[in-house]
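Beneath this line is the structure, given in structure tokens, with notes to follow.
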Amino acid sequence: MLKRLFLLIQFLSLIAPVGIFFTYIIMDEGDQFTYEHYWVTGMSFIPFLFTLLLRSVFLDINKK
């Protein structure tokens, strides 16, 4: 059950950076990215990394 929950959270947190990336491409009509575009896309990836960290901590606790 816990694995499914973390899989769902990983999927939901991965939607943000991908969605932001494609939104910038659509809004700018394919123009070159500025550093703000890269910054926001990169920062939106942090919740996914945090989810992976929590998953490794909680699933390691369940194994012991």
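- The ring-ring contact (aromatic ring centres under 6.0 Å, His included) test applied to Phe45 returns Phe48, not counting sequence neighbours.
- Ile46 and Leu52 sit in two unconnected hydrophobic clusters of ILVMFWY residues. Membership requires side-chain heavy atoms under 4.5 Å apart, directly or through other members.
- Closest heavy-atom contact between Pro17 and Ser44: CA-OG, 3.2 Å.
- Between the CG atom in Leu49 and the CD atom in Gln10 there is a gap of 10.5 Å [rounded to 0.5 Å].
- Connectivity analysis of hydrophobic side chains (ILVMFWY, heavy atoms under 4.5 Å, direct or indirect) links Leu7 to nothing; its cluster partners are none.
- Hydrophobic clustering of Ile, Leu, Val, Met, Phe, Trp and Tyr side chains at less than 4.5 Å, counting indirect connections, unites Leu5 with Phe58.
- Here the straight-line distance linking atom CG of Leu14 with atom CD1 of Ile9 works out to 13.5 Å at 0.5 Å rounding.
- Atom OG in Ser13 sits 10.0 Å away from atom CG in Leu54 (nearest 0.5 Å).
- Atom CG of Leu8 and atom OG1 of Thr51 lie 10.0 Å apart (nearest 0.5 Å).
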